[in-house]
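Here's the structure we're looking at; comments come further down.
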Amino acid sequence: MADGILKVGTITTSSGSGTITLGQSGETISIPSGATLTNSGTATGFGGGKVLQIVQGSTSTETRNNTNTLADTTLTASITPSASDSKVLVTVFQNGCDKSAANAGNQMILKLLRGSSVISTFGNNVTYTNSAVVNSIGTVGTMYLDSPSTTSATTYKTQFSSGDNSAGVGVQGTGGEVSTITLMEISA
């Protein structure tokens, strides 16, 4: 049979119900660049969970807080989901560091926010340890699977506060410590 082009608006079975098969086992069905495959029914076999985009933010700016009021850490990133049912996997590596020997034993609270709403506490009374150079909590991390339910630009950030009310705590420090936040849009 000669190759050719079939141009139709709708393909249905002869009975109006059943299964339509495109291609045979071992063949590849190609969707041209710029074409969109849409689903207005129940799709099976397509599988979700694909990474659609990745955005990363980082900061090495030292930020200090000596109150129990949350303050921005300067670690932030924004993503615009391509579909309202997409998930966003947020991965954070937050460095806490302080040059002051007086702060050994101080505790810090770390929270992850979407916009102005706290969605996760990933450091709860994390304690600084003493060393010859710095007092450090090292790196505190979290992974959080969020459902922002929007296709608008969405900002994620971290905030921190002292767990000791008046004791000073800091993030990033003066040694060039870098904190990162990575946002991955995952298809439904």
Side-chain angles (χ1 to χ4, degrees), residues 49-188:
K50 293 176 177 56
V51 176
L52 301 178
Q53 61 173 314
I54 300 173
V55 176
Q56 186 174 65
S58 65
T59 183
S60 60
T61 303
E62 180 182 17
T63 309
R64 297 181 52 73
N65 189 356
N66 63 355
T67 72
N68 61 358
T69 300
L70 288 171
D72 288 346
T73 67
T74 71
L75 182 60
T76 183
S78 293
I79 193 168
T80 303
S82 57
S84 61
D85 60 352
S86 289
K87 306 285 187 186
V88 175
L89 180 61
V90 184
T91 305
V92 175
F93 293 103
Q94 184 81 60
N95 282 291
C97 190
D98 198 328
K99 292 287 186 182
S100 171
N103 289 336
N106 286 1
Q107 295 180 329
M108 179 165 40
I109 310 294
L110 286 161
K111 296 189 182 281
L112 174 64
L113 292 85
R114 180 191 342 109
S116 59
S117 300
V118 173
I119 57 175
S120 176
T121 298
F122 65 99
N124 192 13
N125 290 328
V126 180
T127 303
Y128 281 71
T129 58
N130 196 7
S131 71
V133 181
V134 294
N135 295 300
S136 176
I137 62 168
T139 303
V140 178
T142 189
M143 292 182 76
Y144 185 85
L145 186 61
D146 190 33
S147 301
S149 301
T150 185
T151 55
S152 299
T154 304
T155 300
Y156 293 86
K157 65 181 180 179
T158 58
Q159 290 188 331
F160 75 123
S161 66
S162 171
D164 297 333
N165 296 329
S166 61
V169 292
V171 288
Q172 285 83 245
T174 58
E177 296 83 6
V178 177
S179 297
T180 61
I181 183 169
T182 304
L183 311 176
M184 291 188 284
E185 181 186 358
I186 310 295
S187 65

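With T158 as the partner, the side-chain hydrogen bond (donor to acceptor under 3.5 Å, both in side chains) test is satisfied by one option alone out of T142, T74, T73: T73. Among I54, L145, V51, the single residue meeting the side-chain contact (heavy atoms from CB on, under 4.5 Å) criterion with L89 is L145.
When every heavy atom of N65 is checked against every heavy atom of S161, the shortest pair comes out as ND2-CA, 3.5 Å. When all heavy atoms are compared, the tightest approach of Y156 to I181 is CB-CD1, 3.9 Å. Minimum interatomic distance between P148 and P81 (heavy atoms only, all atoms of both residues): CG-CG, 4.3 Å. Among all heavy-atom pairs drawn from L52 and S187, the shortest one is CD1-CB, 3.8 Å. Among all heavy-atom pairs drawn from S78 and V55, the shortest one is O-CG1, 3.3 Å.
The CD1 atom of I186 sits 11.5 Å away from the OG atom of S147 when rounded to the nearest 0.5 Å. Distance check, rounded to the nearest 0.5 Å: CD of Q94 to CD of Q159 gives 11.0 Å. Separation of atoms OG (S120) and CE (M143) is listed at 12.0 Å; rounding is to 0.5 Å. Atom CZ in F122 sits 11.0 Å away from atom CZ in F160 (nearest 0.5 Å). Residue Q172 holds its CD atom at 6.5 Å from CG of L75, rounded to the nearest 0.5 Å. Between T150 atom OG1 and D85 atom CG the span is 12.0 Å, to the nearest 0.5 Å.
Under the 4.5 Å side-chain criterion, counting only non-hydrogen atoms from C-beta, I119 is in contact with D146. Between V171 and M108, the closest side-chain pair of non-hydrogen atoms falls below 4.5 Å. Residues N66 and V169 are not in side-chain contact: their nearest non-hydrogen atoms beyond the backbone lie 4.5 Å or more apart.
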Show your working on side-chain hydrogen bond (donor to acceptor under 3.5 Å, both in side chains) between T182 and Q56 and close with a plain yes or no.
CA-CA 4 Å; T182 304; Q56 186 174 65; 2.9 Å; yes

Can you list the steps and then say if N125 with I109 is a side-chain contact (heavy atoms from CB on, under 4.5 Å)?
CA-CA 5 Å; N125 290 328; I109 310 294; 3.2 Å; yes

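Applying the salt bridge (charged side-chain N to carboxylate O under 4.0 Å, His left out) rule to D72 yields the partners K157; only residues at least two apart in sequence or on another chain are considered. Partners of V126 according to the side chain to side chain contact (heavy atoms under 4.5 Å, CB included) rule, which considers only residues two or more places apart in sequence or in another chain, are I137, V140.
No hydrogens or angles considered: a donor-acceptor pair under 3.5 Å links the side chains of N95 and T139. Side-chain polar atoms of S82 and E185 form a donor-acceptor pair below 3.5 angstrom.
Between the side chain of T80 and the backbone N or O of S152 there is no donor-acceptor pair closer than 3.5 Å.
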